[in-house]
Colleague: 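Pasting in a structure now, in structure tokens, and then I'll have a few things to ask.
Counting starts at 1 for both ligands and their atoms, following the listed order. Keep in mind that the numbers below use all heavy atoms, side chains included, and drop hydrogens, waters and symmetry copies. Here the structure is a predicted model, which is why all the values come from computation and not from measurement.
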Amino acid sequence: MDRMLLSSFYKLHSSVPSSYVQPPERRPGNSILAVGKLVPVIDLGGHDGADIISNVLKASQDYGFFQVMNHGVCKELVDATMNIFKEEKIKESSKDTSCKMYTSSGRSTKDVADYFRNYLTGLAGWAQYEIENHLVSDVGRDIKALSHFFMLIPPIIPRNPPYYWTPQSCFPEVVGKYTQELRKLALQILELLCEGLGLNPEYFCGGYSDNPVLLSHYYPPCPEPSLTLGTSMHKDPNLLTILLQEVGINALQVFKDGEWITVEPIPNTFVVNIGIMLQIISNGRLIAAKHRVITNSISARHSVAYFVNPTKESLIEPAEPLTSLTSPPVFRSMTFGELWGNFLIKGSQFEEELHIHEGSVGQALLLSISLPFSSMTVSHVVAVHGSHQKLETGITSKATSISIQLDHTLFSITFYFPVQSIFHVTANNGFGQQDKIIIGVGDICLFP
Ligand SMILES: O=C(O)CCC(=O)C(=O)O
Ligand SMILES: [Fe+2]
């Protein structure tokens with residue numbers, strides 16, 4: 001099975017191998033499908049700017065998903081991009097040799113295309129977590145082949161040459177242009193969200209959006225669609241995703257209020273969804289929704305996903321203007337590199353670890369300083385809020401350990417720590433140090 005070519009499997013088999021069968025609670029055949037419900041469709045070409053902002057914001061808060069029409073990306077370019085991916089996959093899948101370009105792991109140059117290709121459950125940690133927690137039977141793999149493109153724009157540089165698509169005559173121009181257009185669209189949508197949230201419209205320009213990835217999925221027909229999935233249930237771990245799906249095939253589903261809502265493909269629209277990073281940056285005001293892809297026994301389906309990813313160094317944390325003493329950060333801060341690494345190792349379990357639990361926020365450590373200390377160091381900090389004006393300039397970066405130079409004035413700050421952390425406060429009054437180790441959350445520490 002492992003090296004089965006895309007072209008041959010469907011002709012030879014009439015059932016799904018057991019390793020691709022989802023556990024009963026995850027099978028599409030056993031889940032509740034919402035009837036007549038749709039994710040919002042937003043006209044980006046409308047004249048009422050305030051209306052567009054409020055629709056984009058509301059859809060991102062309520063569903064974490066929406067579709068956009070009149071998005072400004074020309075139809076010919078979109079069609080040409082979809083066709084390139086389709087034609088290449090069909091051509092490659094009919095060859096008798098391995099399709100090296102269809103790697104999904106991104107780790108092995110020897111990777112070949114299988115009929116049943118595994119991606120989300122194939123990442124080492126994720127798969128391990130799901131197996132350990134009996135979330136999938138055996139491996140519970142996804143039914144698809146996919147290809148990955150890591151691109152820096154502009155110019156278009158394949159980040160990872162072994163996995164770069166075999167150069168076709170028109171591939172760089174068409175797909176390159178497509179990624180540039182999608183970048184513009186992504187920034188436009190992010191700007192609308194910024195305006196809705198009250199952030200600087202350029203908040204996401206630069207590092208937050210400089211690391212895009214284009215991923216094309218190919219879902220072959222499946223002999224038993226009710227038992228398995230094309231893409232397992234997941235949330236996108238990036239900032240924002242813009243998906244081009246093939247028209248005429250209902251396959252993508254979003255989980256909302258206990259039901260699966262089908263994201264019906266509409267000609268000339270893109271599907272947009274909020275990723276976990278944006279949920280963190282918005283301090284939980286926007287939601288990253290669970291979604292999945294079901295298969296069907298008749299038609300193959302293609303989709304092309306453009307993921308907005310930050311650079312490795314970008315700090316992912318609740319945006320300063322969206323946090324306050326009354327609305328404290330609900331997620332901790334981490335660089336994108338750390339976050340991504342943890343995600344690959346721990347999988348979906350990791351999302352839970354990102355939350356600062358309500359108890360810890362409510363009982364944050366309040367540190368008041370009323371004597372002339374000249375400096376202070378605090379470790380394991382998640383976020384800082386304070387009334388002293390120095391905080392605005394001095395402590396904007398949310399490292400897990402901070403050092404503050406004080407100016408001998410009365411000072412009061414609140415630090416938020418993760419649940420059950422051990423943290424260490426050192427205050428220096430110029431004559432000697434005063435150390436305090438505090439275990440747990442909710443301690444109130446007053447100096448002196
Ligand atoms: O193929 C699709 O419709 C969605 C794929 C997806 O969810 C993803 O790439 O994250
Ligand atoms: Fe996704």
Colleague: Test of understanding: given a 4.0 Å heavy-atom threshold, classify the contact between Asp236 and ligand 1 as side chain, backbone, both, or neither.
Modeller: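 Side chain only.
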Colleague: Which part of Leu243 is near ligand 1, with near meaning a heavy atom under 4.0 Å away: side chain, backbone, both or neither?
Modeller: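 Answer for Leu243: side chain.
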Colleague: Tell me, with the steps shown, if Leu243 and Phe270 meet side-chain contact (heavy atoms from CB on, under 4.5 Å).
Modeller: CA-CA 6 Å; Leu243 182 88; Phe270 287 113; over 6 Å; no
Colleague: Out of curiosity, is His217 lining ligand 1, as in a heavy atom under 4.0 Å away?
Modeller: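 It does; at least one heavy atom falls under 4.0 Å.
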Colleague: Taking the Fe ion (ligand 2) as the vertex, how big is the angle to NE2 in His234 and NE2 in His291, rounded to 10°?
Modeller: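 Computed angle, vertex at the Fe ion (ligand 2), rounded to 10 degrees: 90°.
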Colleague: Please answer whether the main-chain N or O of Pro310 pairs with a side-chain N or O of Ser314 as donor and acceptor at a distance below 3.5 Å.
Modeller: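 No, the answer is negative, given that no donor and acceptor are paired below the 3.5 Å cut-off.
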Colleague: Might you work through the side-chain contact (heavy atoms from CB on, under 4.5 Å) test for Ser297 and Glu224, ending with a clear yes or no?
Modeller: CA-CA 7 Å; Ser297 57; Glu224 290 178 300; over 6 Å; no
Colleague: Could you say whether the N/O atoms of Tyr219 and ligand 1 ever approach to under 3.5 Å?
Modeller: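 Between Tyr219 and ligand 1, an N or O pair is found under 3.5 Å apart.
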Colleague: Could you list the residues that satisfy salt bridge (charged side-chain N to carboxylate O under 4.0 Å, His left out) with Lys37, not counting sequence neighbours?
Modeller: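 Residues passing salt bridge (charged side-chain N to carboxylate O under 4.0 Å, His left out) with Lys37: Glu259.
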Colleague: With Glu191, which residues qualify under salt bridge (charged side-chain N to carboxylate O under 4.0 Å, His left out), at least two apart?
Modeller: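 Counting only residues at least two positions away or on another chain, Glu191 forms no salt bridge (charged side-chain N to carboxylate O under 4.0 Å, His left out).
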Colleague: Does the side chain of Tyr208 come under 3.5 Å of the side chain of Thr311 through a donor N or O and an acceptor N or O?
Modeller: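 Checked: Tyr208/Thr311 side chains show no N/O donor-acceptor pair below 3.5 Å.
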Colleague: Select one of side chain, backbone, both or neither to describe which atoms of Arg301 lie under 4.0 Å from any atom of ligand 1, heavy atoms only.
Modeller: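 For Arg301, only side-chain atoms sit under 4.0 Å from ligand 1.
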Colleague: Is any N or O atom of His234, backbone or side chain, closer than 3.5 Å to an N or O atom of ligand 1?
Modeller: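 Right, the criterion is met.
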Colleague: Return the name of the atom in Asp236, of element N, O or S, nearest to the Fe ion (ligand 2).
Modeller: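 Going through the N, O and S atoms of Asp236 one by one, OD1 ends up nearest to the Fe ion (ligand 2).
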Colleague: Does ligand 1 have any atom that is closer than 4.0 Å to a heavy atom of Arg292?
Modeller: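 No; Arg292 lies far enough from ligand 1 that no heavy-atom distance drops under 4.0 Å.
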